[in-house]
Amino acid sequence: LKVVQQAGPAHLASVSVNLRGDKDFMLAVAAAFPQGGVLCHATRELRAALYADRTFVLKQVHYWGLPELLHASLDLRNDREFMLAFATHYPLAEVLRYTVDQLRAQLYGDHSFMLRILEEIGATELEHASEELRGSRDFMLAAEACCPLQEVLRCCTLELRSVLCGDHTFMLKAVKEAGASMLVNASSALRADLGFMIKVSGYCPAGEALQFISEDL
């Protein structure tokens with residue numbers, strides 16, 4: 001240990017495999033050289049064991065930043081509690097980049113967490129929500145609070161879009177917020193509904209809504 005401390009971490013290349021696989025020895029060397037360059041000399045088995053250890057990985061991320069998570073075990077990167085703990089110190093978008101696909105799919109299928117993703121990262125994430133969420137009226141209408149209505153319609157499932165575009169209240173709100181062009185999405189039944197078309201005309205410049213009126217009306 002004294003030899004390495006005096007000669008520097010590069011001298012570890014000459015140290016026996018047994019020592020480079022010794023956890024206590026390698027961590028003692030790492031403590032002597034906090035600037036790094038030590039663990040690359042550890043044996044593959046020791047590195048795997050260290051990066052499967054919660055406490056060790058937390059310390060590594062604290063010193064070197066989120067990219068250290070690339071070396072963390074798949075089990076840790078699939079651990080919701082462990083990974084999301086980093087979101088208190090780093091942007092959520094960056095943390096999610098290091099989660100494994102299985103955990104990411106779970107998070108993008110979680111109603112409450114997906115809304116948090118939309119609020120913190122933005123509407124561009126809506127298209128990555130699970131199909132179940134994109135087919136949920138409750139979720140997609142809640143997403144409307146932080147996403148443009150056009151994006152909500154674009155990302156929802158075909159079945160839900162058909163329901164929403166035939167919904168009197170929803171389409172009135174859509175036109176009120178985004179303009180008469182939203183009527184291109186309205187169902188033929190709504191565009192043939194005189195009461196609806198008269199009401200929606202009140203939210204548009206004169207004559208704009210008329211171009212979307214059904215020929216049957």
Side-chain angles (χ1 to χ4, degrees), residues 66 69 77-78 80 83-217:
L66 280 181
L69 287 174
R77 292 170 61 200
N78 193 40
R80 178 171 179 155
M83 292 300 293
L84 293 186
F86 293 110
T88 60
H89 304 289
Y90 297 92
L92 182 58
E94 290 186 27
V95 174
L96 290 174
R97 196 176 301 135
Y98 296 100
T99 61
V100 296
D101 291 343
Q102 183 180 348
L103 176 58
R104 195 176 304 116
Q106 179 192 120
L107 295 173
Y108 277 80
D110 182 304
H111 183 124
S112 299
F113 191 81
M114 190 63 211
L115 289 177
R116 176 185 170 186
I117 290 174
L118 295 175
E119 291 171 358
E120 295 189 25
I121 302 178
T124 55
E125 295 302 296
L126 185 57
E127 65 183 5
H128 302 303
S130 68
E131 185 173 2
E132 182 179 356
L133 284 184
R134 290 184 293 107
S136 165
R137 180 173 183 143
D138 287 344
F139 171 77
M140 293 303 281
L141 291 183
E144 204 187 321
C146 49
C147 301
L149 196 143
Q150 298 99 314
E151 189 70 2
V152 171
L153 276 180
R154 185 183 74 81
C155 294
C156 64
T157 60
L158 291 175
E159 294 81 0
L160 179 58
R161 188 179 308 144
S162 177
V163 170
L164 294 177
C165 289
D167 185 282
H168 187 285
T169 303
F170 179 84
M171 286 309 301
L172 280 176
K173 183 178 181 182
V175 173
K176 186 175 181 180
E177 292 184 5
S181 62
M182 291 300 292
L183 285 169
V184 72
N185 301 297
S187 67
S188 54
L190 277 185
R191 289 186 286 109
D193 183 323
L194 180 60
F196 172 77
M197 293 305 293
I198 289 175
K199 194 166 186 178
V200 84
S201 295
Y203 300 134
C204 311
E208 274 196 17
L210 294 178
Q211 61 182 308
F212 297 99
I213 201 167
S214 172
E215 294 179 359
D216 298 330
L217 188 59

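For clarity, every value in this text was computed on a predicted model and none was experimentally measured.
The structure places CG of Leu190 at 14.0 Å from CZ of Phe212, a figure rounded to the nearest 0.5 Å. The CZ atom of Arg80 lies 4.5 Å from the CG atom of Asp110; values are rounded to the nearest 0.5 Å. The structure places CG of Leu164 at 11.0 Å from NZ of Lys173, a figure rounded to the nearest 0.5 Å. Atom-to-atom distance recorded for Ile121:CD1 and Met114:CE is 8.0 Å, nearest 0.5 angstrom. Here the CG atom belonging to Asp138 is positioned 12.0 Å from the CE atom belonging to Met140, to the nearest 0.5 angstrom. Of the inter-residue distances, the one linking Cys156 atom SG with Leu141 atom CG reads 9.5 Å to the nearest 0.5 angstrom.
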| task | List the steps and the verdict of side-chain contact (heavy atoms from CB on, under 4.5 Å) for Asn185 and Gln150. | result | CA-CA 10 Å; Asn185 301 297; Gln150 298 99 314; over 6 Å; no
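Side-chain contact between Leu115 and His111 is present, with at least one heavy-atom pair separated by less than 4.5 Å. Leu103 places none of its side-chain heavy atoms less than 4.5 Å from the side chain of Tyr98. Contact of the Thr124 side chain with the Glu151 side chain is not registered, since no non-hydrogen atoms from C-beta on lie closer than 4.5 Å. Looking only at side-chain heavy atoms (C-beta outward), Tyr108 and Leu133 stay at 4.5 Å or farther from each other. A heavy-atom distance below 4.5 Å is not found between the side chains of Glu125 and Leu92. Looking only at side-chain heavy atoms (C-beta outward), Met182 and Leu153 come within less than 4.5 Å of each other. With a 4.5 Å cut-off on side-chain heavy atoms, Leu183 and Phe196 count as touching.
Scanning all heavy atoms of the two residues, the minimum distance from Leu118 to Ala143 falls at CD1-CB, 3.7 Å. Nearest heavy atom pair, residue Val175 against residue Cys204, reads CG1-SG, 3.5 Å. Nearest heavy atom pair, residue Ile117 against residue Leu107, reads CD1-O, 4.5 Å. Between Ser187 and Gly166, the closest heavy-atom pair is OG-CA, 3.5 Å. Here the closest heavy-atom approach between residue Cys146 and residue Ala123 is recorded as O-CB, 4.4 Å. Across Cys147 and Leu126, no two heavy atoms sit closer than the pair SG-CD2, 4.2 Å.
By the 6.0 Å and 45° rule, Arg137 does not stack over the aromatic ring of Phe170.
Around atom CD of Glu131, no more than 12 heavy atoms belonging to other residues, nucleotides or ligands sit under 6.0 Å away. Open room surrounds CD on Gln102; 12 or fewer heavy atoms of other groups in view lie less than 6.0 Å from it. A 6.0 Å sphere centred on CD of Glu177 holds more than 12 heavy atoms belonging to other residues, nucleotides or ligands.
Formation of a donor-acceptor pair under 3.5 Å by the Arg134 side chain with backbone atoms of Ala129 is found in this model. Remark: the backbone N or O of Leu158 is not paired with any side-chain donor or acceptor of Ser162 at under 3.5 angstrom. A donor-acceptor distance shorter than 3.5 angstrom exists from the side chain of Arg161 to the backbone of Arg154, with no hydrogens or angles considered.
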